[in-house]
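Below, read A as the first sequence line, B as the second, and so on, with proteins coming before strands; counting in each chain starts at 1.
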Number of protein chains: 2
Amino acid sequence: MEQAERGERILEAAAELLLAWGYRRVTIDEIARRAKVGKGTVYLHWRTKEALLLAVLLRGKLQGQRRELERMRADPLEILPSRMMCGHYRDFTEDPVLRAVYTDDSDILGRLNDVAKKELAGLITEGERALNRHLEVLREHGLVRDDMDVIHQRYALMAVATGFFMAEALLSDRAPDTPETRADILAHTVRSALETPAGSDPAAGRSSEAAAAAAAPEIIALYEHLEELSAQEMRRQLRN
Amino acid sequence: MEQAERGERILEAAAELLLAWGYRRVTIDEIARRAKVGKGTVYLHWRTKEALLLAVLLRGKLQGQRRELERMRADPLEILPSRMMCGHYRDFTEDPVLRAVYTDDSDILGRLNDVAKKELAGLITEGERALNRHLEVLREHGLVRDDMDVIHQRYALMAVATGFFMAEALLSDRAPDTPETRADILAHTVRSALETPAGSDPAAGRSSEAAAAAAAPEIIALYEHLEELSAQEMRRQLRN
DNA sequence: TGCATGACCGGATTCGAAATCTGGTCACGC
DNA sequence: GCGTGACCAGATTTCGAATCCGGTCATGCA
């Protein structure tokens, strides 16, 4: 039996239970039972319950990052903030783990969110640095406007995303339409707030596509680095 | 002793205690003590504790609405979504009651938020109707773009606002600058997402000012109606 | 006579100690 | 030597007793 595969089974069981019961009610015993291993075996993989459940969240984010990278490789236009957020939003609506993380759902996450914020502070900082650089590169290629400080653009982007994520739950009843429509509205909002008219101007379509293709490698590298850091962090949660 | 003034004193004490202790810990006894009245007297004004504390929230919103109306009367450009949200954001950062309401702070509001959503459903619906009409009027006057369904524009507006409100708390540490700067970023975001270039184009400044002046009366009437409904609702909470 | 009041009621909440549960360890045995 | 579950201590839950508090209303003051 492959060790890594066993760890994966434990993670799977842990994720399932976390979503069904919430952090507080999940027990290592039950996780072990569902993963068909002894309780002690769980501790051969992760130092603590906290580390294990944190790994569940990390895995969720890592999956999201990987999907995003895949999309960028398939279509350079995906590096545009509007396209990227649209992708994130779809991932978000489809993955319960990401939903819990992004809406700060304390019913499910319990103390995990606070722990995550402290434990993963470095990773978060690195993510912000990447997003900053991402925006800078896009500006250099004329895909993002420069009528505003990059830092402020990043804040706008994060706030808008936060808004659409939270709105999902907060304005749930009165929210219109399908997730796809909401994703489009989000994309439109981000595009208007950050991107150059070139992106939406059909006549300039060709040139913006070329610019995106030119900018893509550096940006993809940026997120590949981030993915590697996430993977490292996940390994760091393991016992060795 | 004026009855209305006594009610005001009770409301004041209730607001103070709600913010300091949160809904659960507030007691009618303590409110009465601070307002220098007997406990029974509180019940001469409001039917229940819930109604009283709900009135505190309503008063907060009503004050916000009144300030907004005042600004619109002073400068018609304030009817632009970007300007209006900017004003709301400033009120929000300065008024702890509004902060609690808009960030859904369950530590402070306890069950009050759920109650409010049910109790004030009609008022909320009416507010959405007003916002819809507001946007329609602005479109008619060429101040808001019509490249998008009004309903979707409203959703974008609410989601963006939600995002900036929640971001205040959620991204608090890493949030940049002063509240004023954040308000400007919010205004910029809303302007880009909804308004016509005319608004930001200096050359078109005159014409958009004129358009705003023309549109203002109907929009002000819209919010005067809403203000009246809020005031009615607040009176409805009273024991006749 | 009319309005303000606080003692009073019962349901809700809190308290605390006993009982139970669970994260984490480690000696055992496969 | 790797996987396991019995075991331990501390955390959490339980549950009945004690307390608190929202809401009422008989009292009494002006």
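The pair Glu119(A)-Arg111(A) does not meet the salt-bridge criterion, since no charged nitrogen lies less than 4.0 angstrom from a carboxylate oxygen. Between Arg73(B) and Glu224(B), at least one side-chain N (NZ, or NE/NH1/NH2) sits under 4.0 Å from a carboxylate O, which counts as a salt bridge.
Separating the CH2 atom of Trp46(A) from the C1' atom of dG23(C) is a distance of 16 Å, rounded to the nearest angstrom. At whole-Å resolution of the value, CD1 in Ile10(B) and C1' in dA4(C) are 11 Å apart. With rounding to whole Å, Arg25(A) atom CZ is found 13 Å from dG23(C) atom P. For the pair Leu52(B) CG and dG23(D) C1', the interatomic distance rounds to 13 Å; values are reported in whole Å. The CG atom of Asp29(A) sits 15 Å away from the C1' atom of dA11(D) (whole-angstrom rounding). Atom CZ in Arg111(A) sits roughly 13 Å away from atom C1' in dT22(C) (whole-Å rounding). Atom CZ in Arg47(B) sits about 11 Å away from atom P in dT24(D), given to the nearest Å. Rounded to whole angstrom, the span from the OH atom of Tyr23(A) across to the P atom of dA11(D) amounts to 14 Å.
With hydrogens and angles ignored, the 3.5 Å screen pairs a side-chain donor or acceptor of Lys49(A) with a backbone N or O of Val26(A).
Side-chain contact of Gln65(B) with Ser230(B): a donor-acceptor pair under 3.5 Å is present, judged by distance alone.
Residues forming a side chain to side chain donor-acceptor pair (under 3.5 Å) with Thr27(A) (at least two apart in sequence, or on another chain): none. In this structure Tyr223(B) satisfies the ring pair (Phe, Tyr, Trp, His ring centres under 6.0 Å) test together with His134(B), sequence neighbours excluded.
Between Leu18(A) and Leu57(A), the closest side-chain pair of non-hydrogen atoms falls below 4.5 Å.
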Interface polar pairs with nucleotides 5-12 of chain C, N/O, under 3.5 angstrom:
from: dT5(C); atom 1: OP2; to: Gly38(B); atom 2: N; distance (Å): 2.9
from: dT5(C); atom 1: OP2; to: Thr41(B); atom 2: OG1; distance (Å): 2.3
from: dG6(C); atom 1: N7; to: Gly40(B); atom 2: N; distance (Å): 3.4

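Across all strands, Val26(A) comes closer than 4.0 Å only to sugar-phosphate atoms, never to a base (heavy-atom distances). Backbone-only engagement by Arg24(A) is indicated by non-hydrogen atom pairs under 4.0 Å involving sugar-phosphate atoms exclusively.
Within the 4.0 Å cut-off from OP1 or OP2 of dT22(C), not a single side-chain nitrogen or oxygen of Arg33(A) is found.
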